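Inspection log for the structure reproduced underneath, given as C-alpha coordinates.
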Amino acid sequence: MSLIEQAAKRLEQLRQAGVELPDEPANIPVVPPASAINQSAPLVATEPLNPTNASKPTTYPPASAQTILNLEAISASGLLTPDAARSQLADEFRVIKRPLIANAMRRGTAPVANGNLIMVTSALPGEGKSFSAINLAISIAMELDNTVMLVDADVARPSVLNMLGLPPAKGLLDVLEQNSVDISSVLLRTNIEKLSILPSGTPHPRATELLASDTMIRLLDDMASRYSDRIIVFDSPPLLLTTEARVLATHMGQVIMVVNAENTAQAAVKQAISTIESCPLKMMLLNQVRTSKTDGYGYGYGYGYGYGHEK
(Lines give C-alpha, C1' and ligand atoms only; values in the text may rest on other atoms or scores of the structure.)
Protein backbone atom coordinates (compact mmCIF):
# COMPACT_ATOMS: atom_id res chain seq x y z
CA MET A 1 0.00 0.00 0.00
CA SER A 2 1.38 3.42 -0.99
CA LEU A 3 1.76 6.36 1.41
CA ILE A 4 -1.14 8.17 -0.29
CA GLU A 5 -3.42 5.15 0.10
CA GLN A 6 -2.38 4.84 3.76
CA ALA A 7 -3.20 8.50 4.35
CA ALA A 8 -6.62 8.17 2.68
CA LYS A 9 -7.42 5.12 4.76
CA ARG A 10 -6.44 6.94 7.96
CA LEU A 11 -8.68 9.89 7.08
CA GLU A 12 -11.64 7.52 6.54
CA GLN A 13 -10.98 5.92 9.94
CA LEU A 14 -11.00 9.36 11.59
CA ARG A 15 -14.32 10.26 9.94
CA GLN A 16 -15.90 6.99 11.09
CA ALA A 17 -14.69 7.77 14.62
CA GLY A 18 -16.57 11.08 14.54
CA VAL A 19 -13.56 13.37 14.21
CA GLU A 20 -14.49 16.60 12.40
CA LEU A 21 -12.24 17.31 9.44
CA PRO A 22 -12.09 20.42 7.19
CA ASP A 23 -13.84 20.19 3.84
CA GLU A 24 -10.68 21.23 1.98
CA PRO A 25 -7.23 19.85 2.72
CA ALA A 26 -4.53 22.20 3.99
CA ASN A 27 -2.01 23.60 1.56
CA ILE A 28 0.19 20.55 1.64
CA PRO A 29 2.46 20.10 -1.37
CA VAL A 30 1.49 17.07 -3.41
CA VAL A 31 4.32 14.69 -4.05
CA PRO A 32 3.87 12.80 -7.31
CA PRO A 33 4.63 9.13 -7.37
CA ALA A 34 8.13 8.12 -8.27
CA SER A 35 7.00 6.86 -11.65
CA ALA A 36 5.82 10.37 -12.60
CA ILE A 37 9.19 12.02 -12.00
CA ASN A 38 11.38 12.66 -15.03
CA GLN A 39 14.56 10.91 -13.98
CA SER A 40 16.62 12.94 -16.47
CA ALA A 41 15.58 16.32 -15.04
CA PRO A 42 17.99 18.01 -12.66
CA LEU A 43 17.01 18.12 -9.00
CA VAL A 44 16.92 21.65 -7.59
CA ALA A 45 17.04 22.15 -3.82
CA THR A 46 14.93 25.18 -2.84
CA GLU A 47 15.55 24.77 0.91
CA PRO A 48 18.62 23.70 2.93
CA LEU A 49 18.70 19.95 3.22
CA ASN A 50 19.88 20.22 6.82
CA PRO A 51 17.89 22.93 8.65
CA THR A 52 20.35 22.90 11.57
CA ASN A 53 23.08 24.28 9.30
CA ALA A 54 20.92 26.93 7.65
CA SER A 55 22.01 29.73 10.01
CA LYS A 56 25.73 28.91 9.96
CA PRO A 57 27.85 31.38 7.91
CA THR A 58 29.87 30.06 5.00
CA THR A 59 33.50 29.50 5.93
CA TYR A 60 36.06 31.05 3.58
CA PRO A 61 39.86 30.90 3.59
CA PRO A 62 41.43 33.67 5.71
CA ALA A 63 41.88 36.91 3.80
CA SER A 64 44.22 39.82 4.32
CA ALA A 65 42.80 42.54 6.53
CA GLN A 66 41.64 45.77 4.94
CA THR A 67 43.48 48.81 6.30
CA ILE A 68 42.67 52.41 5.45
CA LEU A 69 45.65 54.75 5.57
CA ASN A 70 44.99 58.42 6.28
CA LEU A 71 46.79 59.72 3.21
CA GLU A 72 46.30 63.36 4.20
CA ALA A 73 47.96 62.82 7.59
CA ILE A 74 50.72 60.75 6.00
CA SER A 75 51.45 63.51 3.50
CA ALA A 76 51.47 66.10 6.29
CA SER A 77 54.13 64.07 8.10
CA GLY A 78 56.40 64.33 5.05
CA LEU A 79 55.88 60.87 3.59
CA LEU A 80 55.00 60.21 -0.03
CA THR A 81 51.44 59.57 -1.15
CA PRO A 82 50.37 58.44 -4.63
CA ASP A 83 47.86 61.25 -5.12
CA ALA A 84 50.17 64.08 -4.08
CA ALA A 85 51.32 66.74 -6.53
CA ARG A 86 54.70 66.19 -8.13
CA SER A 87 57.44 67.07 -5.66
CA GLN A 88 61.19 66.96 -5.20
CA LEU A 89 60.82 64.06 -2.78
CA ALA A 90 58.79 62.02 -5.27
CA ASP A 91 61.26 62.71 -8.08
CA GLU A 92 64.21 61.74 -5.90
CA PHE A 93 62.66 58.42 -4.95
CA ARG A 94 61.95 57.77 -8.62
CA VAL A 95 65.71 57.95 -9.14
CA ILE A 96 66.35 55.71 -6.12
CA LYS A 97 63.92 52.95 -7.09
CA ARG A 98 64.80 52.63 -10.77
CA PRO A 99 67.98 50.48 -10.45
CA LEU A 100 66.40 48.53 -7.58
CA ILE A 101 63.41 47.58 -9.72
CA ALA A 102 65.68 46.66 -12.62
CA ASN A 103 67.64 44.28 -10.38
CA ALA A 104 64.46 42.91 -8.80
CA MET A 105 62.94 42.13 -12.19
CA ARG A 106 66.23 40.72 -13.53
CA ARG A 107 66.66 43.54 -16.02
CA GLY A 108 70.04 44.64 -14.68
CA THR A 109 73.44 44.05 -16.20
CA ALA A 110 73.74 40.78 -14.26
CA PRO A 111 71.05 38.64 -12.60
CA VAL A 112 70.74 39.15 -8.83
CA ALA A 113 69.54 36.20 -6.76
CA ASN A 114 66.54 37.21 -4.65
CA GLY A 115 66.80 40.65 -6.18
CA ASN A 116 63.20 41.37 -5.25
CA LEU A 117 64.10 41.12 -1.54
CA ILE A 118 65.39 44.60 -0.59
CA MET A 119 66.58 45.41 2.93
CA VAL A 120 66.80 49.00 4.16
CA THR A 121 69.07 49.40 7.17
CA SER A 122 71.61 51.71 8.80
CA ALA A 123 74.66 51.51 10.99
CA LEU A 124 73.03 53.20 13.99
CA PRO A 125 69.53 54.27 15.08
CA GLY A 126 68.07 57.58 13.96
CA GLU A 127 69.60 57.78 10.50
CA GLY A 128 66.32 57.73 8.56
CA LYS A 129 66.02 54.09 7.49
CA SER A 130 62.33 53.67 8.35
CA PHE A 131 61.42 56.92 6.59
CA SER A 132 63.42 55.76 3.57
CA ALA A 133 61.88 52.26 3.58
CA ILE A 134 58.31 53.58 3.71
CA ASN A 135 58.89 56.12 0.96
CA LEU A 136 60.63 53.55 -1.22
CA ALA A 137 57.73 51.11 -0.82
CA ILE A 138 55.11 53.77 -1.61
CA SER A 139 57.12 54.94 -4.61
CA ILE A 140 57.34 51.39 -5.97
CA ALA A 141 53.59 50.97 -5.38
CA MET A 142 53.06 53.85 -7.82
CA GLU A 143 54.58 51.73 -10.60
CA LEU A 144 52.22 50.32 -13.23
CA ASP A 145 53.85 46.90 -13.40
CA ASN A 146 54.85 46.11 -9.81
CA THR A 147 53.29 45.45 -6.43
CA VAL A 148 55.16 45.88 -3.16
CA MET A 149 55.07 44.44 0.33
CA LEU A 150 56.57 46.51 3.16
CA VAL A 151 57.84 44.31 6.00
CA ASP A 152 58.61 45.83 9.39
CA ALA A 153 61.50 43.56 10.31
CA ASP A 154 62.84 45.89 13.01
CA VAL A 155 61.41 43.52 15.58
CA ALA A 156 63.21 45.16 18.52
CA ARG A 157 61.97 48.67 17.72
CA PRO A 158 59.17 48.55 15.14
CA SER A 159 58.06 51.93 13.81
CA VAL A 160 56.37 51.42 10.42
CA LEU A 161 52.82 51.15 11.75
CA ASN A 162 53.29 54.09 14.09
CA MET A 163 54.67 56.29 11.31
CA LEU A 164 51.67 55.40 9.15
CA GLY A 165 49.22 56.14 11.96
CA LEU A 166 48.25 52.50 12.54
CA PRO A 167 47.93 50.60 15.84
CA PRO A 168 50.16 47.61 16.71
CA ALA A 169 49.14 44.35 15.07
CA LYS A 170 50.16 40.73 14.77
CA GLY A 171 52.69 40.01 12.06
CA LEU A 172 56.00 38.41 11.17
CA LEU A 173 57.03 37.06 14.57
CA ASP A 174 53.59 35.54 15.20
CA VAL A 175 53.79 33.64 11.91
CA LEU A 176 57.31 32.40 12.62
CA GLU A 177 56.40 31.31 16.14
CA GLN A 178 53.66 29.12 14.66
CA ASN A 179 56.21 27.53 12.32
CA SER A 180 54.13 28.73 9.39
CA VAL A 181 54.71 30.51 6.08
CA ASP A 182 51.08 31.62 5.74
CA ILE A 183 50.97 35.39 6.23
CA SER A 184 47.45 35.91 4.85
CA SER A 185 45.87 36.40 8.28
CA VAL A 186 48.33 39.13 9.35
CA LEU A 187 49.04 40.88 6.03
CA LEU A 188 47.48 44.35 5.83
CA ARG A 189 46.14 45.37 2.42
CA THR A 190 45.98 49.15 2.21
CA ASN A 191 44.03 51.72 0.23
CA ILE A 192 47.25 52.37 -1.69
CA GLU A 193 46.27 49.83 -4.31
CA LYS A 194 49.55 47.98 -4.80
CA LEU A 195 50.94 48.32 -1.25
CA SER A 196 50.56 45.72 1.49
CA ILE A 197 52.19 45.75 4.93
CA LEU A 198 53.50 42.91 7.08
CA PRO A 199 53.87 44.23 10.67
CA SER A 200 56.67 43.04 12.94
CA GLY A 201 54.15 41.35 15.22
CA THR A 202 54.15 40.50 18.89
CA PRO A 203 57.55 41.08 20.59
CA HIS A 204 59.34 37.83 21.29
CA PRO A 205 62.38 37.15 23.53
CA ARG A 206 63.86 34.85 20.86
CA ALA A 207 63.31 37.16 17.90
CA THR A 208 66.84 36.66 16.59
CA GLU A 209 66.45 32.89 16.62
CA LEU A 210 63.09 33.16 14.86
CA LEU A 211 64.62 35.31 12.10
CA ALA A 212 67.46 32.78 11.74
CA SER A 213 65.14 29.76 11.70
CA ASP A 214 64.40 27.39 8.84
CA THR A 215 60.84 28.70 8.90
CA MET A 216 62.11 32.20 8.10
CA ILE A 217 64.14 30.85 5.20
CA ARG A 218 61.06 29.05 3.85
CA LEU A 219 58.98 32.20 4.32
CA LEU A 220 61.50 34.34 2.42
CA ASP A 221 61.66 31.79 -0.39
CA ASP A 222 57.87 31.83 -0.59
CA MET A 223 57.79 35.65 -0.59
CA ALA A 224 60.41 35.86 -3.31
CA SER A 225 58.78 33.37 -5.66
CA ARG A 226 55.02 33.58 -5.07
CA TYR A 227 54.36 36.63 -7.30
CA SER A 228 56.59 37.54 -10.22
CA ASP A 229 55.74 41.25 -10.03
CA ARG A 230 56.09 41.67 -6.26
CA ILE A 231 58.98 43.51 -4.61
CA ILE A 232 59.46 43.12 -0.85
CA VAL A 233 61.03 45.98 1.11
CA PHE A 234 62.30 45.17 4.62
CA ASP A 235 62.78 47.87 7.25
CA SER A 236 65.43 46.13 9.32
CA PRO A 237 67.19 46.96 12.61
CA PRO A 238 70.45 48.96 12.60
CA LEU A 239 73.43 46.74 11.82
CA LEU A 240 75.54 47.75 14.81
CA LEU A 241 72.73 47.68 17.37
CA THR A 242 71.37 44.14 17.10
CA THR A 243 72.18 40.91 15.27
CA GLU A 244 68.78 40.53 13.58
CA ALA A 245 69.77 42.69 10.60
CA ARG A 246 72.91 40.67 9.96
CA VAL A 247 70.87 37.45 9.97
CA LEU A 248 68.29 38.97 7.63
CA ALA A 249 70.94 40.32 5.25
CA THR A 250 72.16 36.82 4.45
CA HIS A 251 68.90 36.18 2.58
CA MET A 252 68.58 39.53 0.80
CA GLY A 253 69.32 40.24 -2.85
CA GLN A 254 69.82 43.98 -2.31
CA VAL A 255 70.75 45.99 0.78
CA ILE A 256 70.41 49.77 1.11
CA MET A 257 72.33 51.32 3.98
CA VAL A 258 71.06 54.74 5.01
CA VAL A 259 73.82 56.99 6.35
CA ASN A 260 73.37 60.31 8.10
CA ALA A 261 76.01 62.30 6.25
CA GLU A 262 76.38 64.91 8.98
CA ASN A 263 76.60 62.65 12.05
CA THR A 264 77.62 59.06 11.27
CA ALA A 265 81.34 58.39 11.71
CA GLN A 266 83.15 56.72 8.82
CA ALA A 267 84.39 54.01 11.17
CA ALA A 268 80.79 53.06 12.00
CA VAL A 269 79.90 52.94 8.31
CA LYS A 270 82.85 50.69 7.50
CA GLN A 271 82.09 48.41 10.43
CA ALA A 272 78.45 48.13 9.41
CA ILE A 273 79.33 47.30 5.80
CA SER A 274 81.70 44.59 6.99
CA THR A 275 78.79 42.78 8.68
CA ILE A 276 76.87 42.34 5.39
CA GLU A 277 79.67 41.21 3.09
CA SER A 278 77.66 38.14 2.08
CA CYS A 279 74.97 40.24 0.42
CA PRO A 280 75.59 40.36 -3.36
CA LEU A 281 74.52 43.96 -3.87
CA LYS A 282 74.98 46.81 -1.39
CA MET A 283 74.06 50.45 -1.92
CA MET A 284 74.60 53.50 0.27
CA LEU A 285 72.00 56.23 0.62
CA LEU A 286 73.36 59.44 2.14
CA ASN A 287 70.81 61.26 4.24
CA GLN A 288 70.93 64.86 5.51
CA VAL A 289 73.38 65.96 2.84
CA ARG A 290 73.64 69.74 2.68
CA THR A 291 73.08 70.91 -0.87
CA SER A 292 74.26 74.29 -2.09
CA LYS A 293 71.40 74.55 -4.58
CA THR A 294 68.66 74.65 -1.96
CA ASP A 295 70.78 75.35 1.10
CA GLY A 296 68.83 72.56 2.74
CA TYR A 297 69.30 68.92 3.56
CA GLY A 298 68.67 65.90 1.42
CA TYR A 299 69.74 62.46 0.38
CA GLY A 300 73.05 61.88 -1.38
CA TYR A 301 72.92 62.31 -5.16
CA GLY A 302 69.65 64.17 -4.83
CA TYR A 303 67.66 61.99 -2.46
CA GLY A 304 66.23 64.69 -0.25
CA TYR A 305 63.68 65.55 2.38
CA GLY A 306 63.30 68.33 4.93
CA TYR A 307 63.36 68.56 8.68
CA GLY A 308 60.88 67.07 11.09
CA HIS A 309 61.31 63.37 10.22
CA GLU A 310 63.34 60.45 11.51
CA LYS A 311 66.87 61.61 10.93
Side-chain angles (χ1 to χ4, degrees), residues 67-98 100-101 118-143 146 148-154 157-169 188-200 231-238 256-264 283-311:
T67 300
I68 303 300
L69 299 175
N70 186 333
L71 299 181
E72 185 176 348
I74 290 174
S75 179
S77 71
L79 293 167
L80 286 175
T81 55
D83 56 351
R86 185 161 186 168
S87 64
Q88 179 183 349
L89 179 63
D91 287 341
E92 288 162 350
F93 270 93
R94 288 187 178 100
V95 176
I96 294 173
K97 71 180 176 181
R98 198 55 57 202
L100 298 171
I101 294 175
I118 303 173
M119 186 177 90
V120 182
T121 186
S122 60
L124 300 168
E127 299 197 61
K129 65 173 184 63
S130 297
F131 181 86
S132 303
I134 294 173
N135 278 331
L136 176 61
I138 293 176
S139 184
I140 294 175
M142 295 163 65
E143 290 288 307
N146 296 106
V148 61
M149 181 196 303
L150 175 60
V151 181
D152 192 346
D154 193 346
R157 190 187 173 191
S159 61
V160 168
L161 294 186
N162 182 60
M163 293 178 69
L164 293 174
L166 300 175
L188 307 178
R189 290 186 292 112
T190 74
N191 51 321
I192 297 179
E193 181 181 0
K194 296 184 178 182
L195 172 68
S196 58
I197 302 171
L198 179 60
S200 62
I231 296 174
I232 301 98
V233 177
F234 295 82
D235 177 25
S236 86
I256 301 173
M257 193 169 79
V258 180
V259 177
N260 189 318
E262 300 293 324
N263 295 323
T264 308
M283 302 180 183
M284 186 177 297
L285 193 156
L286 292 179
N287 175 27
Q288 293 293 313
V289 177
R290 183 177 293 276
T291 58
S292 57
K293 181 178 179 180
T294 61
D295 198 27
Y297 288 94
Y299 286 118
Y301 48 99
Y303 301 173
Y305 68 87
Y307 292 106
H309 315 295
E310 182 185 2
K311 307 196 249 319

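No experiment lies behind these values; they were computed from the predicted model shown. Both backbone and side-chain heavy atoms feed into the values below; hydrogens, waters and symmetry mates do not.
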Quick check: do [X] and [Y] have side-chain heavy atoms less than 4.5 Å from each other?
| X | Y | answer |
| --- | --- | --- |
| Ile231 | Glu143 | no |
| Thr81 | Leu69 | no |
| Thr121 | Asp154 | no |
| Leu161 | Pro167 | no |
| Ile256 | Leu136 | yes |

Gap between atom [atom2] of [Y] and atom [atom1] of [X] - 0.5 Å precision:
| X | Y | atom1 | atom2 | answer |
| --- | --- | --- | --- | --- |
| Ser132 | Met257 | OG | CE | 12.5 Å |
| Arg189 | Leu195 | CZ | CG | 12.0 Å |
| Leu150 | Leu164 | CG | CG | 7.0 Å |
| Lys129 | Ile134 | NZ | CD1 | 9.5 Å |
| Leu124 | Asn263 | CG | CG | 10.0 Å |
| Asn135 | Met163 | CG | CE | 8.0 Å |

For this session: Please say which of Asn287, Thr264, Asn260 ends up in a side chain to side chain donor-acceptor pair (under 3.5 Å) with Glu127.
Result: Thr264
Which atoms form the tightest heavy-atom contact between [X] and [Y], and what is the distance?
| X | Y | result |
| --- | --- | --- |
| Ile192 | Pro82 | CG2-CG, 3.7 Å |
| Leu80 | Ser139 | CD1-CB, 4.1 Å |
| Ala133 | Asp235 | CB-CB, 3.9 Å |
| Ser130 | Ser159 | OG-OG, 3.0 Å |

For this session: Apply the test side-chain contact (heavy atoms from CB on, under 4.5 Å) to residues Met283 and Leu285: give CA-CA distance (whole Å), side-chain angles for both, the deciding distance (0.1 Å), then the verdict.
Result: CA-CA 7 Å; Met283 302 180 183; Leu285 193 156; over 6 Å; no
For this session: Check Val148, Ile101, Leu100 against Ile118 for a side-chain contact (heavy atoms from CB on, under 4.5 Å) and give me the one that passes.
Result: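 Per the side-chain contact (heavy atoms from CB on, under 4.5 Å) rule, the option paired with Ile118 is Leu100, out of Val148, Ile101, Leu100.
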For this session: List in chain and number order the residues that pass side-chain contact (heavy atoms from CB on, under 4.5 Å) with Pro158, two or more places apart in sequence or in another chain; answer none if no residue qualifies.
Result: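 For Pro158, the residues satisfying side-chain contact (heavy atoms from CB on, under 4.5 Å) (neighbours in sequence not counted) are Asp152, Ser200.
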Seminar exercise, completed: Taken in chain and number order and not counting sequence neighbours, the residues that satisfy side-chain contact (heavy atoms from CB on, under 4.5 Å) with Glu72 are Asn70
